[in-house]
Amino acid sequence: MSDIIRLSAADLAAKLRAGEISSVEATRAHLDRIAAVDGDVHAFLHVNAAAEQVAADIDARRAAGEDLGELAGVPLAIKDVLVTTDMPSTSGSKILEGYMSPYDATVVARSRAAGLVPIGKTNMDEFAMGSSTEHSAYGPTHNPWDLDRIPGGSGGGSAAAVAAFEAPLALGSDTGGSIRQPAHVTGTVGLKPTYGGVSRYGAIALASSLDQVGPVTRTVLDSALLHDVIAGHDPNDSTSLTDQWPSFAAAAREGARGEVLKGLKVGVLKELPDSGFQAGVAESFRAALALMEAQGAEIVEVSTPHFGYGVAAYYLILPAEASSNLARFDSVRYGLRVTPDGNATVEDVMAATRDAGFGDEVKRRIILGTYALSSGYFDAYYGSAQKVRTLIQQDFHSAFEQVDVIATPTAPTTAFRLGEQIDDPLQMYLNDFTTIPANLAGVPGISLPSGLAAEDGLPVGIQFLAPAREDARLYRAGAALEAVLVDHWGGPLLDRAPELNGAAR
Ligand code: GLN
């Protein structure tokens with residue numbers, strides 16, 4: 001395997017700047033890797049045929065002395081929920097098969113402006129509904145650690161692409177955990193920004209009050225570098241914050257230098273039962289806490305009594321918003337149109353199109369959402385869920401008066417087998433038990449590898465949460481713990497991934 005693809009984005013960018021590697025070489029190395037392994041992994045729905053051309057353009061601009069962004073020339077994988085003008089955008093759905101957007105999502109436009117090289121669009125559960133990518137209309141992605149296992153979801157494609165060294169950086173979206181849970185099961189890093197911190201313009205909407213776009217990477221610093229590119233106010237997104245964000249890369253670099261853990265108050269949740277977690281997940285979490293404590297962190301128990309109601313509230317709020325957002329797929333404006341035989345009315349065409357174009361999970365949630373929003377039930381369901389959401393926000397607010405960050409395991413188990421949960425939607429929903437509350441409260445969260453579970457040798461993630469607008473705190477704490485862990489392991493966790501089931505690693 002070429003050494004280029006094993007470099008972190010930060011190291012690759014430094015070599016590009018120093019002229020040791022060209023962007024064309026870097027892009028080609030990743031395209032070769034995709035050609036070698038993506039038949040097995042299936043992280044990509046579309047590979048950018050023009051990637052080398054884009055890279056050549058960056059090389060030419062650099063040679064001409066242009067002052068390019070820090071990540072210029074580095075390849076970037078893009079979750080298919082984000083619209084792009086030069087590649088199809090399907091959000092994992094048949095209803096958008098082949099759809100070409102007339103505009104770029106703001107995060108894509110900013111990435112291009114920073115000189116990143118879009119290398120392809122990554123697989124995902126249909127409309128970002130799921131925790132395994134098995135709900136993709138284009139077939140599942142496989143976990144590079146074990147091809148029989150799920151890569152997480154909904155952004156399993158982005159996480160697998162990064163874990164399999166098919167791309168150094170990826171963009172994801174997180175409505176209830178779709179950046180963090182895939183990071184947990186693939187041994188990678190994923191960060192959901194503060195709600196409003198990154199533009200949602202051009203991110204195909206799932207649940208607008210919960211969706212956030214964020215980075216998927218192999219290191220905390222790489223996440224920060226990509227976050228610096230995509231953060232900031234966007235007048236095209238009415239919920240976009242007008243904050244001036246600090247440099248996240250500077251925060252990550254400060255964290256990696258050490259000292260940050262000394263005196264850091266890390267909250268653990270009193271109400272989070274050990275019993276819900278696979279033994280190796282709970283053990284990896286405890287070991288990470290002990291390492292932080294040894295570096296001077298203070299572990300403090302905090303109470304968040306409503307945390308456990310997050311999943312229930314989420315599965316009323318999300319379907320309600322999703323059913324409304326997905327109403328736009330009406331066979332008139334976008335994508336698929338199915339016309340039944342005979343004297344079909346407009347309604348017949350819509351019904352036939354939506355029946356053929358949407359998968360089971362999407363239909364399930366549209367039915368749930370329209371029911372929860374129906375008159376007579378609205379207050380009992382949607383109204384109550386919104387009240388629970390407020391209580392969860394208040395819990396976080398008081399917890400963060402006592403601690404700097406909250407830590408939890410990112411998800412209850414390591415990567416489960418493909419097919420294991422697909423017929424049990426409620427079981428699938430519980431994968432996001434610890435990630436959903438951050439979306440409901442709008443606070444930022446990061447998942448980074450904490451180790452391997454003893455019983456199956458698969459990766460485990462630790463999640464840090466911080467108060468809204470304190471994303472930089474996650475980069476300081478995350479980079480500090482990452483430095484301690486990598487030192488402890490004697491190298492990055494991904495170095496310990498087994499050969500990609502015999503493929504060309
Ligand atoms: N797995 C969760 C769901 O199915 C989260 C999805 C997401 O974050 N997009 O809704």
*Mind checking the CG-OH spacing from Leu336 to Tyr99? Nearest 0.5 Å is all I need.*
14.0 Å
_Minimum heavy-atom distance Val349-Ser331, with the two atoms named_ = CG1-OG, 3.7 Å
*Any side-chain donor paired with an acceptor under 3.5 Å for Thr186 and Thr188?*
yes
*Ignoring hydrogens and angles, state whether a donor on the side chain of Asp471 or Thr194 is under 3.5 Å from an acceptor on the partner side chain.*
yes
*Charged N to carboxylate O below 4.0 Å: is that the case for Lys363 and Asp355?*
yes
*asked:* Contact between Tyr334 and Leu96 at the side-chain level, heavy atoms closer than 4.5 Å - yes or no?
replied: yes
*Considering only NZ, NE, NH1 and NH2 on the basic side and carboxylate oxygens on the acidic side, decide whether Asp237 and Arg200 come within less than 4.0 Å.*
yes
*Assess the pair Tyr475 and His227: is the distance between their ring centroids shorter than 6.0 Å?*
yes
*Compare all side-chain heavy atoms of Val302 with those of Lys270 and state whether any distance is below 4.5 angstrom.*
no
*Student check: side-chain heavy atoms of Ile317 and Ser209 closer than 4.5 Å*: yes
*asked:* Please check if the number of heavy atoms outside Lys265 that lie under 6.0 Å from its NZ is greater than 12.
replied: no
*Classify the angle between the aromatic ring planes of Tyr371 and Tyr381 as parallel (below 30°), tilted (30 to 60°) or perpendicular (above 60°).*
tilted
*Within the side chain of Ser178, is there an N or O that forms a donor-acceptor pair under 3.5 Å with the backbone of Ser154?*
yes
*Counting only N and O atoms by type, is there a donor-acceptor contact under 3.5 Å from the side chain of Ser93 to the main-chain atoms of Glu126?*
no
_Centroid-centroid distance, Tyr201 to Tyr103, less than 6.0 Å_ = yes
*Short N-O contact, Asp211 and Lys192, less than 4.0 angstrom*: no
*asked:* Please tell me whether Asp395 and Thr304 have a donor and an acceptor in their side chains that are separated by less than 3.5 angstrom.
replied: no
*asked:* Quick check: closest heavy atoms across Val220 and Glu482, and the distance to 0.1 Å?
replied: N-OE2, 3.0 Å
*asked:* If we count only N and O atoms by modelled type, under 3.5 Å, do the side chains of Ser447 and His184 hold a donor and an acceptor together?
replied: no
*Going through the checks in order, is the salt bridge (Lys or Arg N to Asp or Glu O under 4.0 Å) test met by Arg112 and Asp86?*
CA-CA 12 Å; Arg112 291 193 210 274; Asp86 53 349; 2.9 Å; yes
*Enter the distance from Asn143:CG to Ser132:OG here, rounded to the nearest 0.5 Å.*
11.5 Å
*In terms of side-chain heavy atoms, does Arg389 have a donor or acceptor partner in Asn439 at a distance below 3.5 Å?*
no
*Return yes if a side-chain donor-acceptor contact under 3.5 Å exists between Asp234 and Thr106, otherwise no.*
yes
*Do Asn236 and Ser199 have side-chain atoms, one donor and one acceptor, less than 3.5 Å apart?*
no
*What class does the angle between the rings of Tyr309 and His306 fall in, given that below 30° is parallel, 30 to 60° is tilted and above 60° is perpendicular?*
tilted
*Are there more than 12 heavy atoms of other residues, nucleotides or ligands under 6.0 Å from atom CG of Asp243?*
yes
*Should we say atom CG of Asp424 is surrounded by more than 12 heavy atoms from elsewhere, each under 6.0 Å from it?*
yes
*Taking the six-membered ring where the residue is Trp, are the ring centres of Phe127 and Phe329 under 6.0 Å apart?*
yes
